[in-house]
Protein chains: 2
Amino acid sequence: MKMTPLHQEFVLHFGEMGSRWGINRTVGQIYALLFLSSAPLNADQITEALGISRSNTSMGLKELQSWGLVLRKHLPGDRKEHFTTPDDLWLIVRTLIEERKKREIDPTLSKLRELEMQGPGGDDYAEARIAELREMIEMMTEFYDDMARLETEKLVRLMTYGSRLAGLIDKVGGYLPSTKS
Amino acid sequence: MKMTPLHQEFVLHFGEMGSRWGINRTVGQIYALLFLSSAPLNADQITEALGISRSNTSMGLKELQSWGLVLRKHLPGDRKEHFTTPDDLWLIVRTLIEERKKREIDPTLSKLRELEMQGPGGDDYAEARIAELREMIEMMTEFYDDMARLETEKLVRLMTYGSRLAGLIDKVGGYLPSTKS
DNA sequence: TCTCAGTTTCAGTAATTACTGAAAATTCGG
DNA sequence: CCGAATTTTCAGTAATTACTGAAACTGAGA
């Protein structure tokens, strides 16, 4: 399992970026390795290619599977588990966004609602600020949900349409309430 | 500088979420405190409210300013520096997204382009995978750039339009190339 | 220009997170 | 159901990151 220079640089980059992406170095490297590999790899191959311990590989794969970014694959005639990334890049991106939303946004949205439930406590400014933040997050997550429901083909069409979208909306007519709450 | 229960819970939550958001606990707490405060606070007030060291406050504020999430504010008649978060939540969100893109996506886009520059090295699968990833990131960042350029009012209109956008595009006509590359 | 309130820097230390090897658990062919 | 192959868990340790106090620096008023 010797890596080509291309693999090496890619794997190293994902390792470095890992900490910024909220995963650790080896998890990033494992993902990178699987991403570039046309055939599924088993844990020993990953362990050897990255020069890490077998247990570290096991933990890394576990985390990546919990994210839905890596899939187990049984190869016939081999007792060992093998692993891949999904072929479809769009699926990967959808998964990534969904998981990050789940971990980074949803808990805060819940907390904000919970705080509002506790009713007014006298600090009008803080309460308004919290309500405003909650509304903003709701608007963005609802938009995200709508977009996530679209098939990829429509999503691509929409994204390629880019800034012209705004003009389009103008034309259709603005029956919507104004911006400021 | 005693915090109300509302402040406390909010600050604590931001502290806990900090690590998921790629900042540390105290940076999250400082931000939370400033976010809920109607008047700008000085470093000593922050230090006392959070029970952290003066130097920690200084470093946290420095980081938040580098993100553009916290602004210095000189109060007349007081020699101390004061700090606030921008009033406009949309501005805050725009800043957040822009900065995270800068830190988490742009370096990878550069790296991918760099790897492609190095020319074919024989691993067709890996090279195709990298090219596909680069194209995907380009499409998404270009879309983001388009959206970021819109005034907030239009952005709100667009987001509220949600899933109906897809139908809209259909109607206007699909002159665009098909999805699969 | 000197003073001093205020701020930043930084070396040392504490706290957290990542990684390892060994042992326990699981899985599957026989 | 047994036993070898494989995977997972976990306590201990290494590496990294966060935090502190003290010292250095800054800049406005006298």
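Since this is a predicted model, take the numbers as computed values, not measurements. Chain letters run A, B, ... following the sequence lines, proteins first, then strands; residues in each count from 1.
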Please check if the number of heavy atoms outside A/R100 that lie under 6.0 Å from its CZ is greater than 12. yes

Of A/R25 and A/L61, whose nearest nucleotide on DNA chain D comes first from the 5' end? A/L61

Tell me the interatomic distance from A/L75, atom CG, to D/dA5, atom C1', rounded to whole angstroms. 17 Å

Need one value for A/T26: base, sugar-phosphate or nothing, where a base atom within 4.0 Å counts as base even if backbone is also close, heavy atoms only. sugar-phosphate

Among C/dC28, C/dT20, D/dT20, the one nearest any side-chain atom of A/M59 is C/dT20

Side chain of A/K62 only, please: which of D/dT9, C/dC10, C/dT20 is the nearest? D/dT9

So, do B/L89 and B/F35 sit near enough that their side-chain heavy atoms are less than 4.5 Å apart? yes

Nearest listed nucleotide, side chain of A/K80, among C/dG21, D/dT6, D/dT8: D/dT6

If you define the side chain from C-beta out and look only at heavy atoms, does anything of B/Y125 sit under 4.5 Å from A/L36? no

Using a 4.0 Å heavy-atom cut-off, does B/N24 contact any base of the nucleic acid, only the sugar-phosphate backbone, or nothing at all? sugar-phosphate

Run the ring pair (Phe, Tyr, Trp, His ring centres under 6.0 Å) check on A/W21 and A/F14 step by step: do they pass? CA-CA 9 Å; A/W21 296 338; A/F14 269 54; 5.0 Å; yes

Under 3.5 Å, is there any donor-acceptor pair linking the side chain of A/S55 to the base of C/dG21? yes

On a plain distance test, is the side chain of A/R79 in donor-acceptor contact with the base of C/dT27 below 3.5 Å? yes

